Amino acid sequence: MYLEKFRVTGKLAVITGAGRGIGLAIAEALGEAGARLAITDINGARAEEAAAGLRLKGYQVDSYTLDVTQPDAVNALSDEMVQRYGRVDILVNNAGISICEKAETMSDSDWLKVIDVNLNGVFWCCRAFGKAMLAAGGGTVVNVGSMSGFIVNRPQEQSQYNASKAAVHHLTRSLAAEWAGRGVRVNAVAPTYIATEMTAYVNENPEMHHYWVGGTPMQRLGSPEEVASVALFLASDASSLMTGSIVLADGGYVCW
Ligand code: NAD
């Protein structure tokens, strides 16, 4: 009765930025739970390579090139999915970038780039795929936020990243409230530092590593799979009473 609720058998899941890292792990979790996967990434070759790897494991996967900062492309992909499959059941807004910069010397373009991918991209995807879900009478959206939407990271400076993730959390709540009565749930997972290529620079910086791990009650970084299992929970009926929730997966980081 309970384990069945984690199944997403036959559902169509669209995951952005899923060519590697956390997005790829989330795709695998959803595939293992029975979903048909649409792996999307700005890097089409990376998306196809990830898709090929998942096909070898027996999952039903298509890959698509999608830059989430391009609303016309997002709308077109949503229309294409509805035409091909009739509906989209699960959207995971995972695509994101980070740039470390001091606020007082940050270039206009570095501010705009991060806000464009991390916030605008999430909205364009929610708008397009959410509209299709509302028309179909239901669906679930999982946004990948960050503990950076709750705390200010240290020692690296990344005000635009932190602001973008706090905005994603409140966008999550806003859309959850708008769509709750029409069958579409919107939640977010907010991870701590996860060992991916985004954070690989820490490996050349023992002092920073010391800050990150030392600031975490669990005294370690997380893995993409540990975020993926939370995303699966939020995407599935196992979380049927939840909408507008921002679920921390942070090894206790915000406790300190
Ligand atoms: P990653 O850099 O390993 O992977 C990100 C993927 O997104 C890449 O494949 C990249 O090509 C794609 N991408 C970048 N810009 C895009 C765009 N405009 N449109 C579509 N795809 C695009 O990153 P990751 O560590 O796996 O992070 C994934 C998400 O998790 C991001 O939203 C990130 O902010 C969030 N997050 C990461 C951490 C961490 O410590 N790694 C912590 C908290 C939150």
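Worth saying up front: this structure is predicted, and the values here are computed from it rather than measured. Every number for a ligand or one of its atoms is a count from 1 in the order of the listing.
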Protein residue, atom and distance nearest to atom 11 (O) of ligand 1, heavy-atom basis | Asp41 OD1, 2.6 Å
Taking only Lys NZ, Arg NE, NH1 and NH2, and the carboxylate oxygens of Asp or Glu, determine whether Lys113 and Asp110 approach each other closer than 4.0 Å.
-> yes
Within the 4.0 Å heavy-atom cut-off, what Val227 brings close to ligand 1 is neither
Which atoms from ligand 1 have a heavy atom of Pro191 less than 4.0 Å away?
-> 43 (C), 44 (C)
Evaluate the ring planes of Tyr193 and Trp212, with Trp represented by its six-membered ring, and classify them as parallel (under 30°), tilted (30 to 60°) or perpendicular (over 60°).
-> parallel
With heavy atoms only and a cut-off of under 4.0 Å, state how Met147 meets ligand 1: side chain, backbone, both or neither.
-> neither
Any N/O pair Thr196/ligand 1 closer than 3.5 Å | yes
Given Met106 and Ser159, is the side chain to side chain contact (heavy atoms under 4.5 Å, CB included) satisfied, shown in steps?
-> CA-CA 9 Å; Met106 189 177 307; Ser159 57; 3.6 Å; yes
Roughly how far apart are Phe6 CZ and Ser236 OG, rounded to 0.5 Å?
-> 5.5 Å
Give yes if a backbone or side-chain nitrogen or oxygen of Gly145 is under 3.5 Å from a nitrogen or oxygen of ligand 1, and no if not.
-> no
Under 4.0 Å between a Lys/Arg side-chain N and an Asp/Glu carboxylate O for Glu49 and Arg46?
-> no
Does the side chain of Phe129 reach to within under 4.5 Å of the side chain of Val141, using non-hydrogen atoms?
-> no
Are the side chains of Met208 and Gln156 in touch, meaning some heavy atoms are under 4.5 Å apart?
-> yes
Does any N/O atom on Tyr161 come nearer than 3.5 Å to any N/O atom on ligand 1?
-> yes
Which residue supplies the protein heavy atom nearest to atom 28 (C) of ligand 1, what is that atom called, and how far is it?
-> Asn94 OD1, 3.2 Å
Starting from atom 15 (N) of ligand 1, which protein heavy atom do you reach first, and at what distance in Å?
-> Ile97 CG2, 3.8 Å
Note: ligand 1 atoms sitting under 4.0 Å from heavy atoms of Ala95 are 20 (C), 21 (N), 22 (C), 32 (O)
Please verify whether a non-hydrogen atom of Thr192 lies at under 4.0 Å from ligand 1.
-> yes
Are any of the side-chain nitrogens in Lys57 or Glu28 under 4.0 Å away from the carboxylate oxygens of its partner?
-> yes
Contact between Ala190 and ligand 1, counting heavy atoms under 4.0 Å?
-> no
Polar side-chain atom of Thr192 near backbone of Gly251 as donor-acceptor pair, under 3.5 Å = no
Between Gly23 and ligand 1, is there a nitrogen or oxygen pair with a distance under 3.5 Å?
-> no
Besides Ile42, the hydrophobic cluster formed by Ile, Leu, Val, Met, Phe, Trp and Tyr side chains linked at under 4.5 Å, directly or via other members, contains none
Just which atoms of ligand 1 are under 4.0 Å from any heavy atom in Asp67?
-> 17 (C), 18 (N), 19 (N)
among protein heavy atoms, the one nearest atom 1 (P) of ligand 1 is Arg20 NE, 3.5 Å
Taking atom types as modelled and ignoring hydrogens, do the side chains of Arg20 and Thr196 form a donor-acceptor contact shorter than 3.5 angstrom?
-> no
Output the list of atoms in ligand 1 that are nearer than 4.0 Å to some heavy atom of Arg46, sorted by atom number.
-> 8 (C), 9 (O), 10 (C), 11 (O)
Is the shortest N/O to N/O distance between Asn43 and ligand 1 below 3.5 Å?
-> no
Contact atoms of ligand 1, heavy-atom distance to Gly21 under 4.0 Å | 26 (O)
Apply side chain to side chain contact (heavy atoms under 4.5 Å, CB included) to Asn143 and Val186, showing your working.
-> CA-CA 8 Å; Asn143 293 328; Val186 189; 3.9 Å; yes
Under a 4.0 Å heavy-atom limit, does Leu221 contact ligand 1 with its side chain, its backbone, both, or neither?
-> neither
Counting only heavy atoms not in Leu56, do more than 12 sit closer than 6.0 Å to its CG atom?
-> yes
So which protein heavy atom does atom 30 (O) of ligand 1 come closest to, and at what separation?
-> Val144 CG1, 3.3 Å
Do Arg220 and Glu226 meet the salt-bridge criterion of a basic N to acidic O distance under 4.0 Å?
-> yes
Which of the atoms in ligand 1, numbered in the order shown and given with their element, are less than 4.0 Å from a heavy-atom of Thr199?
-> 39 (C), 40 (O), 41 (N)
Contacts of Asp62 that satisfy side-chain hydrogen bond (donor to acceptor under 3.5 Å, both in side chains) - sequence neighbours left out = Arg36, Tyr85
Contact partition for Ile42 relative to ligand 1, non-hydrogen atoms under 4.0 Å = both
Got the closest protein heavy atom to atom 39 (C) of ligand 1, with its distance?
-> Ile194 N, 3.5 Å
Just jot down the ligand 1 atoms closer than 4.0 angstrom to any heavy atom of Tyr193, in number order.
-> 40 (O)
Atom 26 (O) of ligand 1 - nearest protein heavy atom and its distance = Ile22 N, 2.9 Å
Got the closest protein heavy atom to atom 6 (C) of ligand 1, with its distance?
-> Gly17 O, 3.4 Å
Which ligand 1 atoms are under 4.0 Å away from a heavy-atom of Gly96?
-> 31 (C), 32 (O)
